[in-house]
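To start, the structure itself, in structure tokens.
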Amino acid sequence: MIMDMENKKLSRAFFERPTLEVARDLLGKTLVFGRHSGIITETEAYIGENDPACHAARGRTKRTETMYAKAGTVYIYLIYGMYHCLNIVTEAKDFPAAVLIRGLRMEGQHLDGPGKLCKALGLTRQHNGLDAITSGDICILDTPTTHGHITTPRIGIRQGTDLHWRFVLQDTSGNSSPRKKAGPVSASALATRKASRSS
DNA sequence: GCAACGATAGGG
DNA sequence: CCTATCGTTGCT
């Protein structure tokens, strides 16, 4: 049982890839934290100091330091004074990028929203900096998916709304939230990302 | 030191 | 639309 989980843990190499690919590929994977586990249904990418919506857009600060850590590091921050948001750091060390985990399908409930998700799992800023690759507390398992996905602009930001860097697992049970508006396919997002990195 | 504001959620 | 609630940031 425990050994099974070890074999299925996503490796650091998975998170070292381009953030848009990681955000897309995390859909359908299983987040495990303590006794909690659930299927990731919604993610967002935040990529580098040139992404105006990224916390690192104004450079390295005490808070954003975690975004510059090695891929697979857990980045958790407090938002609006009352909610926490869970992210997994991606790409190379010292390149600030991460994937925000916004939705989780668990047995008996669908956690829709990053603040809700952290509250239900008990994730707080005390877990900031944990390594999801080597930590015994938190990891992501490589579970298979047959579902497709859509992309949309990211939620709750004022800048960078032209970038469709939100990824939503296609809901086959037909009870998706009205907030999950349809958007262009991921190919355009991947192209946009290439352009923004090459500058 | 201080004040504006936010990768939210829930309620009217 | 409104606001609860507080750490981070940037400015004075």
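Because the structure is a prediction, the values reported are computed rather than measured. Naming convention: chains lettered A, B, ... in sequence-line order (proteins, then strands); numbering from 1 in each chain.
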Side-chain N or O of [X] versus OP1/OP2 of [N]: is the shortest distance under 4.0 Å?
| X | N | value |
| --- | --- | --- |
| A:Arg63 | B:dG6 | no |
| A:His55 | C:dT8 | no |
| A:Lys119 | B:dA9 | no |
| A:Arg102 | B:dT8 | yes |
| A:Arg58 | C:dG10 | yes |

Quick one: does A:Glu91's side chain have a donor or acceptor within less than 3.5 Å of a partner on A:Thr19's backbone?
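Yes, because the side chain of A:Glu91 sits within donor-acceptor range (under 3.5 Å) of the backbone of A:Thr19.
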Out of A:Val89, A:Leu10, A:Val99, A:Asp25, which one pairs with A:Phe15 under the side chain to side chain contact (heavy atoms under 4.5 Å, CB included) rule?
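Exactly one option meets the side chain to side chain contact (heavy atoms under 4.5 Å, CB included) with A:Phe15, and it is A:Leu10.
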Base of B:dA7 and ring of A:Tyr46 stacked, centres under 5.5 Å, planes under 30°
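By the stated criterion, A:Tyr46 and B:dA7 stack.
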Once you apply a heavy-atom cut-off of 4.0 Å, does A:Ile157 come out as touching a base, just sugar-phosphate, or nothing?
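Answer is sugar-phosphate: A:Ile157 comes under 4.0 Å of backbone atoms only.
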Give one of base, sugar-phosphate or nothing for A:Gly81, where a contact means two heavy atoms less than 4.0 Å apart.
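Base: the residue A:Gly81, judged by heavy atoms under 4.0 Å, touches a nucleobase.
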Rounded to whole angstroms, how far apart are [atom1] on [X] and [atom2] on [N]?
| X | N | atom1 | atom2 | answer |
| --- | --- | --- | --- | --- |
| A:Ile76 | B:dT8 | CD1 | C1' | 16 Å |
| A:Tyr75 | B:dA7 | OH | P | 9 Å |
| A:Ile79 | C:dG7 | CD1 | P | 13 Å |
| A:Gln126 | C:dG7 | CD | C1' | 16 Å |
| A:Arg60 | C:dT9 | CZ | C1' | 18 Å |
| A:Arg166 | B:dT8 | CZ | P | 10 Å |
| A:Asp112 | B:dG10 | CG | C1' | 13 Å |
| A:Tyr77 | B:dC5 | OH | P | 18 Å |

Passing option when A:Lys29 is tested against A:Thr145, A:Asp142, A:Thr143, A:Thr43 for side chain to side chain donor-acceptor pair (under 3.5 Å)
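That would be A:Asp142.
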Taking pairing as Watson-Crick or G-U wobble with both contacts under 3.5 Å, can you name the mate of C:dC2, or confirm there isn't one?
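For C:dC2, the partner nucleotide comes out as B:dG10, under the 3.5 Å rule.
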Distance-minimising heavy-atom pair for A:Val168 and A:Glu42
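Scanning both residues, the minimum pair turns out to be CG2-CG, 4.2 Å.
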Sticking with atom P, work out how far B:dA4 lies from C:dT3, rounded to a whole angstrom.
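Roughly 15 Å separates the two P atoms.
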Base of C:dA4, side chain of A:Tyr80 - is there a donor-acceptor contact under 3.5 Å?
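Absent.
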Choose from B:dG10, C:dT8, C:dA4 the nucleotide whose nearest atom is closest to any side-chain atom of A:Thr61.
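Closest nucleotide among those given: C:dT8.
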Using the side-chain heavy atoms of A:Tyr83, tell me which of these nucleotides is nearest: B:dA9, C:dT8, C:dC6.
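Of the candidates, B:dA9 comes closest.
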In terms of the nearest nucleotide of DNA chain B, which residue is placed more toward the 5' end: A:Pro114 or A:Arg158?
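Per heavy-atom nearest nucleotide, the more 5' residue is A:Arg158.
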Hydrophobic cluster identity match, A:Leu100 and A:Ile40, side-chain contacts under 4.5 Å:
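Different clusters: A:Leu100 never reaches A:Ile40 through Ile, Leu, Val, Met, Phe, Trp or Tyr contacts under 4.5 Å.
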Heavy-atom side-chain proximity of A:Asp131 to A:Arg12 below 4.5 angstrom
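A side-chain contact exists here, since the closest heavy-atom pair is under 4.5 Å.
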